[in-house]
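Worksheet for the structure shown next.
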Amino acid sequence: QVQLVQSGAEVKKPGASVKISCKTSGYTFTSYAIHWVRQAPGQSLEWMGWINAGNGVSKYSQKFQGRVTITRDTSASTAYMDLSSLRSEDTAVYYCARRGLFGEAPFDYWGQGTLVTVSS
Amino acid sequence: DIQLTQSPSFLSASVGDRVTITCRASQGISSYLAWYQQKPGKAPKLLIYVASTLQSGVPSRFSGSGSGTEFTLTISSLQPEDFATYYCQQLNYYPLTFGGGTKVEIK
């Protein structure tokens, strides 16, 4: 069955970086995209960016441009999201989600979420 | 960016009630809208995509409709496990955006 398993919770100081992994299984990794979405405490969902797991091309929300990098390792069927220059407002649960590469497909499978806490 | 406005933001209902949630887009998004259900501490779960297509395994009491700028999610007979927060998402334009959410609580 399709699974997306994320790395564990992180506590970071302001100005630091965090790298979260999203290990996938149960499907052909390179046939889909991986998107990243975050949710601050008590807030709605916010889309951050995505990677075409087939060709490795990434695109980002303008809000995070310059601070976020999404990569993938096809040999490990794993995607990564790196967020730099962390501030307290980046405290949130970060999710990866799978999306088809063609058409206007939805996010059909999600990781369990990774809590990132930014605090001095 | 496309803004999605959900209403109501909070809804109190009883088991067996028919519930309707609305999502309005700031500009036309064709039928490229999805609905998700989220329970506390859990990831969102896909319910409906392309406005009205039920995701495999989702109970038939959930239905979606609409196109362009106005969409609805209907739960025909609310069950105890349906108490959760519901989000719409547009998938037509980048950046992809979500609505503010509708929390459905037990009356």
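Note that this is a predicted model, so its numbers are computed, not measured. Below, chain A is the first sequence line, B the second, and so on; all start at residue 1.
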Next on the checklist: B:Q38 vs A:Q39, test: side-chain hydrogen bond (donor to acceptor under 3.5 Å, both in side chains). Steps then yes/no.
Outcome noted: CA-CA 12 Å; B:Q38 187 179 35; A:Q39 186 171 38; 2.9 Å; yes
Item to check | Working for side chain to side chain contact (heavy atoms under 4.5 Å, CB included), residues B:L96 and A:R99 | outcome: CA-CA 12 Å; B:L96 304 182; A:R99 186 185 186 201; 3.8 Å; yes
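Only the side chain of A:V37 comes within contact range of chain B, with heavy atoms under 4.5 Å apart. When heavy atoms are compared at a cutoff of 4.5 Å, A:A97 does not approach chain B at all. Of the two parts of A:F107, the backbone and the side chain both hold a non-hydrogen atom closer than 4.5 Å to a non-hydrogen atom of chain B.
Cluster annotation: A:W47 and A:Y94 are assigned to distinct hydrophobic clusters (Ile/Leu/Val/Met/Phe/Trp/Tyr, side-chain heavy-atom contacts under 4.5 Å, transitive). Note on A:V68 and A:V93: separate hydrophobic clusters, where clusters join Ile, Leu, Val, Met, Phe, Trp and Tyr whose side-chain heavy atoms are under 4.5 Å apart, directly or indirectly. Hydrophobic clustering (side-chain heavy atoms under 4.5 Å, transitive across Ile, Leu, Val, Met, Phe, Trp, Tyr) groups B:V50 together with B:L46. One hydrophobic cluster, built from ILVMFWY side chains closer than 4.5 Å, cannot hold both A:V11 and A:V116; they sit in different ones. Under the 4.5 Å side-chain heavy-atom criterion for Ile, Leu, Val, Met, Phe, Trp and Tyr, B:W35 and B:Y93 are members of the same hydrophobic cluster.
Interatomic distance, B:L4 CG to A:S44 OG, rounded to the nearest 0.5 Å: 9.0 Å. Atoms NZ and CH2, on B:K45 and A:W110 in that order, are 14.0 Å from each other to the nearest 0.5 Å. With rounding to the nearest 0.5 Å, the separation of OG1 in B:T85 from CG in A:L45 is 9.5 Å.
Chain A forms more heavy-atom pairs under 4.5 Å with one residue of B:S31, B:G99, B:A43 than with any other, namely B:A43.
When the shell of 6.0 Å around CD of B:E81 is examined, it contains more than 12 heavy atoms from other residues, nucleotides or ligands. The environment of B:K39 atom NZ is dense: over 12 non-hydrogen atoms of other residues, nucleotides or ligands sit within 6.0 angstrom. For CZ of B:F98, the number of neighbouring non-hydrogen atoms (other residues, nucleotides, ligands) closer than 6.0 Å is greater than 12.
By the 4.5 Å heavy-atom criterion applied to side chains, A:P106 and B:Y36 are counted as neighbours.
In terms of heavy atoms, B:L91 sits closest to A:E104 at O-OE1, 3.0 Å. In this structure, A:Y95 and B:K42 approach most closely via the heavy-atom pair OH-O, 3.2 Å.
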